[in-house]
2 protein chains.
Amino acid sequence: MPSKKQDTLFVASLAKGLTILHAFGQPNPEMSLAEIVRVTGLDKSACQRLTNTLFREGFLLKDPITRRFRPSLKCLEMAAAYAWADPLVRLMMPKLIDLGHALGERVNAARLDGPDIVYIIRIPTQLTSFGGMIVGRRLPALTTSAGRAMISRLAPDARREAIETWPLAANTHATELDRGRIAERIEEAAGAGFAVAVGQNIINEIAVAAPVMARDGTPVAAVQCSVSAPKWTAERVTAELAPQVLDVANSFNFG
Amino acid sequence: MPSKKQDTLFVASLAKGLTILHAFGQPNPEMSLAEIVRVTGLDKSACQRLTNTLFREGFLLKDPITRRFRPSLKCLEMAAAYAWADPLVRLMMPKLIDLGHALGERVNAARLDGPDIVYIIRIPTQLTSFGGMIVGRRLPALTTSAGRAMISRLAPDARREAIETWPLAANTHATELDRGRIAERIEEAAGAGFAVAVGQNIINEIAVAAPVMARDGTPVAAVQCSVSAPKWTAERVTAELAPQVLDVANSFNFG
DNA sequence: TGCGAGTTTATTATATTATGATACTTTGCA
DNA sequence: TGCAAAGTATCATAATATAATAAACTCGCA
């Protein structure tokens with residue numbers, strides 16, 4: 001985010017303030033003023049003013065002793081705002097709850113947003129890791145079953161571009177970072193209708209995902225199910241879980 | 001939010017932009033420019049510029065044909081940022097999942113934020129209404145079991161002030177709007193250690209909630225369980241559900 | 001206990017930036 | 001077809017945010 005195009009309809013202060021808000025998250029759940037300056041690359045004085053404004057407006061909390069900031073409940077409220085506005089959340093939620101109970105395993109829904117996926121629904125089980133319970137989590141699409149399931153249904157050129165240019169990040173020692181290999185996996189998914197990924201984001205996790213298609217042939221979301229490796233194998237997942245995940249994904253007609 | 005105090009450390013544009021973002025939600029999941037002007041009371045040109053900025057930064061989506069705006073996945077991401085930063089979410093999540101499975105009913109956790117509560121965890125069941133599944137939902141504390149459970153543990157003067165001044169809003173024909181009556185309910189909760197509310201926010205809903213206390217004696221959250229009225233009665237809820245909810249709430253030591 | 005690096009707060013003059021009135025264009029409805 | 005309402009664009013003006021500087025803290029370590 002270097003210098004923004006000079007446009008009279010663009011309010012730079014707002015953009016910077018949002019940059020600060022958006023800097024909070026996975027690697028930086030809470031930050032001091034100095035850290036915010038480092039992470040965002042913004043001017044120190046600007047951070048001071050913007051941070052103060054975010055605090056006064058109740059979007060950031062400030063620990064009175066450590067002086068560190070963290071997102072407030074007002075930020076969490078934006079999740080509710082999103083949920084009310086996205087018709088897919090409403091549509092998918094009941095069936096995913098059913099699926100979660102039927103399978104007894106963690107079930108999720110994700111949407112594609114640029115080169116990554118964002119989880120919009122999560123039905124956890126007792127054995128879910130904390131990161132696996134969080135709605136709004138963003139992961140690179142190429143290294144997730146949900147992402148691959150959706151990419152496999154993109155138009156050929158869009159698919160190629162995704163495979164060749166979208167970012168990769170290793171979350172696990174087993175994360176596949178070879179684009180050729182990923183291309184194969186996506187081909188498999190295109191053929192089978194669902195994607196299976198082993199240990200890409202959480203160790204010992206096996207995930208199956210199937211795309212939810214809009215009437216115009218675009219993938220709009222994915223239904224995904226995660227299980228643990230010692231208990232399951234990729235083969236059993238393919239044989240037992242994939243059909244049910246596929247069924248649910250296909251049951252939505254959206255558009 | 002009329003004219004803000006003239007402070008050199010306050011960036012008005014950012015505050016206005018946040019006002020716009022925050023205007024989205026339950027009654028207005030998506031809005032046109034004109035609606036935003038109406039709802040926020042901001043100047044039309046300002047809305048135009050700020051909205052454009054929010055759009056360009058990816059916090060708002062714009063339907064190309066209806067020209068209406070709605071919150072994007074980037075907004076949902078802020079919810080994830082909150083979850084990473086709030087230690088209570090991490091602490092409570094596993095036990096609430098267990099409790100939800102054990103009871104077979106919908107279980108929630110809420111925090112107090114000013115005069116209302118915000119749900120931070122929701123474990124739904126098949127029969128949950130959509131509003132009952134949404135994390136980040138905000139409701140007036142006085143008309144919820146979770147709110148009453150927490151208020152019942154406030155210091156006497158804070159409790160009195162809450163009962164007398166915090167806002168009330170009818171969500172149901174049965175919502176109690178009489179502050180005297182609410183004071184009684186909170187007294188009961190103070191004695192029993194948990195609060196039971198019938199049909200306050202959803203028709204035919206019975207809710208039990210118990211406060212989670214910090215070591216310093218402050219209520220920091222509430223564990224809550226909702227069930228449906230024809231299937232349950234307030235008496236059975238008190239006898240069968242309340243003890244388990246209380247147990248879980250008491251099992252957290254925080255602070 | 002006291003020194004000093006590293007942070008957080010406070011203060012200013014300056015010009016960049018947001019402002020809001022106005023006019024123009026499109027849309028949707030009768 | 002035409003009108004009203006909504007969205008888009010433009011622009012001079014002054015208010016507003018800027019970033020440099022200085023003051024007041026913290027906290028670790030000797």
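Numbers restart at 1 for each chain; the letters A, B, ... are given by sequence-line order, proteins then strands.
A donor-acceptor contact shorter than 3.5 Å links the side chain of B:Thr40 to the backbone of B:Leu42.
For A:Leu14 and C:dT19, the CG to C1' distance is 15 Å, given to the nearest whole Å. If you take CZ of A:Phe10 and P of D:dA17, they are 16 Å apart, rounded to a whole angstrom. Following rounding to the nearest Å, A:Phe55 (CZ) and C:dT8 (P) show an atom-to-atom distance of 14 Å. Across the protein-nucleic acid pair, A:Leu50 atom CG and D:dA19 atom P stand 10 Å apart, rounded to whole Å. Rounded to an integer number of Å, the gap from B:Asn52 CG to D:dA9 P is 9 Å.
For the OP1/OP2 pair of D:dA17 and a distance below 4.0 Å, the side-chain nitrogens and oxygens of B:Ser13 include at least one atom meeting the criterion. At D:dT8, one or more side-chain N or O atoms of B:Lys62 fall inside 4.0 Å of OP1 or OP2 (strictly under the cut-off).
Residue pairs that meet the salt bridge (charged side-chain N to carboxylate O under 4.0 Å, His left out) test with at least one member in residues 31-43 of chain B, sequence neighbours left out, are B:Glu35-B:Arg68. Applying the side-chain hydrogen bond (donor to acceptor under 3.5 Å, both in side chains) test to every pair with at least one member in residues 156-171 of chain A, sequence neighbours left out, gives these pairs: A:Arg159-A:Glu187, A:Asn171-A:Asn201.
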I would like to know whether A:Trp84 and B:Phe24 meet ring-ring contact (aromatic ring centres under 6.0 Å, His included); could you show each step before the answer? CA-CA 9 Å; A:Trp84 286 111; B:Phe24 288 86; over 10 Å; no
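The residue among A:Ile65 and A:Lys16 whose nearest nucleotide of DNA chain D lies closer to the 5′ end is A:Lys16. Of the two residues contacting DNA chain D, namely A:Arg67 and A:Leu9, the nearest-nucleotide position lying further toward the 5' end is that of A:Leu9.
DNA chain C is contacted by B:Asp43, B:Ser45 of residues 32-48 of chain B, taking any non-hydrogen atom closer than 4.0 Å.
A salt bridge is absent between A:Asp63 and A:Arg70: the closest approach of a Lys/Arg side-chain nitrogen to an acidic carboxylate oxygen does not fall below 4.0 angstrom. Taking the charged nitrogens against the carboxylate oxygens, B:Asp113 and A:Lys74 have no contact shorter than 4.0 Å, which rules out a salt bridge.
For A:Phe55, there are no ring pair (Phe, Tyr, Trp, His ring centres under 6.0 Å) partners, not counting sequence neighbours. Residues satisfying the ring pair (Phe, Tyr, Trp, His ring centres under 6.0 Å) test with B:Phe254, not counting sequence neighbours, are none.
The CG atom of B:Leu96 sits 4.5 Å away from the CD1 atom of B:Ile121 when rounded to the nearest 0.5 Å.
Taking the screw axis at each terminus of the helix from C:dT1-D:dA30 to C:dA30-D:dT1 from five consecutive base pairs, the angle between the two is 50° to within rounding of 10 degrees.
Contact of B:Arg49 with C:dG20 (side chain to base): a donor-acceptor pair of N or O atoms is detected under 3.5 Å.
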